[in-house]
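Data first, discussion second: the structure below is written as structure tokens.
From a predicted model like this one, the values you see are computed outputs, not experimental measurements.
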Amino acid sequence: MGLKGAETRDRLLDATQELIEAGGYLGAGLNQVIAASGAPRGSLYFHFPGGKDQLVGESVRRAGRAIGGELESLADSSHSVTEFVEAVLRHLGERLEESGWHKGCPVATVALETASTNDPLQEACSEVYTSWEAALRARLAGHPDGDDLAITILALVEGALLLARTHRSKEPLDRVARRIGALVG
């Protein structure tokens with residue numbers, strides 16, 4: 001694939017990510033993706049012959065890798081698990097607020113809408129959550145309850161993001177950060 005093809009593919013994925021973060025799977029119709037990306041309809045089917053499910057699945061995985069990279073960066077710059085989790089929640093809260101409360105989790109809405117009915121998208125969402133849990137578990141290495149704490153922290157972060165977006169306030173993220181500090185301390 002040439003540079004122009006790669007750029008078109010990236011525009012389609014970027015537009016899809018924006019749309020699914022704001023409105024979920026159902027809010028990311030192919031016409032909306034085409035309009036938001038500026039790509040021709042034929043390019044969508046050229047790059048994503050599997051249609052919407054392939055496009056959304058790749059977008060979820062790509063967004064998951066981006067957030068995973070941010071987690072790694074924050075882990076490298078944090079001294080303790082508590083500082084790491086606080087930095088993650090602060091980062092996600094800033095991202096959410098700067099987006100006008102549209103950019104919560106790039107996976108959660110798709111997972112909620114499709115996990116019980118769409119195996120390929122359920123698998124994409126599961127892969128991302130598994131990778132994030134693994135990143136948390138690695139940071140908790142040596143903690144006696146590391147495995148349980150990793151899934152607990154992930155669930156608390158996801159719930160806090162939902163509440164923060166719903167209330168349009170970072171307060172749920174701040175409160176969860178305090179509780180996670182008590183859990184891992």
* Asked: How long is the gap from CD on E158 to CG on L92, to the nearest 0.5 Å?
  -> 8.5 Å

* Structure fact -> In this structure, CG of D147 is separated from CD of E133 (nearest 0.5 Å) by 7.5 Å

* To do: Flag the pair R62 and D14 as a salt bridge only when some basic side-chain nitrogen lies within less than 4.0 angstrom of an acidic carboxylate oxygen.
  => yes

* Asked: Does the pair R175/E171 count as a salt bridge with the N-to-O cut at 4.0 Å?
  -> yes

* Is a donor on one side and an acceptor on the other found under 3.5 Å between the side chain of N118 and the backbone of L121? -> yes

Can you give the donor-acceptor pairs under 3.5 Å from side chains of residues 17-28 to other protein atoms, not counting sequence neighbours?
unit_1 : atom_1 : unit_2 : atom_2 : d
Q17    : NE2    : E21    : OE2    : 2.9
E18    : OE2    : K103   : NZ     : 3.0
E21    : OE1    : R95    : NH1    : 3.1
E21    : OE1    : R95    : NH2    : 3.1
E21    : OE2    : R95    : NH2    : 2.9
Y25    : OH     : D53    : OD1    : 2.6

* Say you draw a straight line from CD1 of I153 to CH2 of W132; how long is it, rounded to the nearest 0.5 Å? -> 14.5 Å

* **Check: R11 side chain, S37 main-chain N or O, donor-acceptor pair, under 3.5 Å** => yes

* Structure fact -> Output for pair (L89 CG, L74 CG), nearest 0.5 Å, gives 10.0 Å

* Spell out, as yes or no, whether a donor-acceptor pair under 3.5 Å connects the side chain of T166 to the backbone of L162. => yes

* From E123 atom CD to T114 atom OG1, the distance as rounded to the nearest 0.5 Å -> 11.0 Å

* Gap separating the CG atom of L149 from the CG atom of L154, nearest 0.5 angstrom -> 12.5 Å

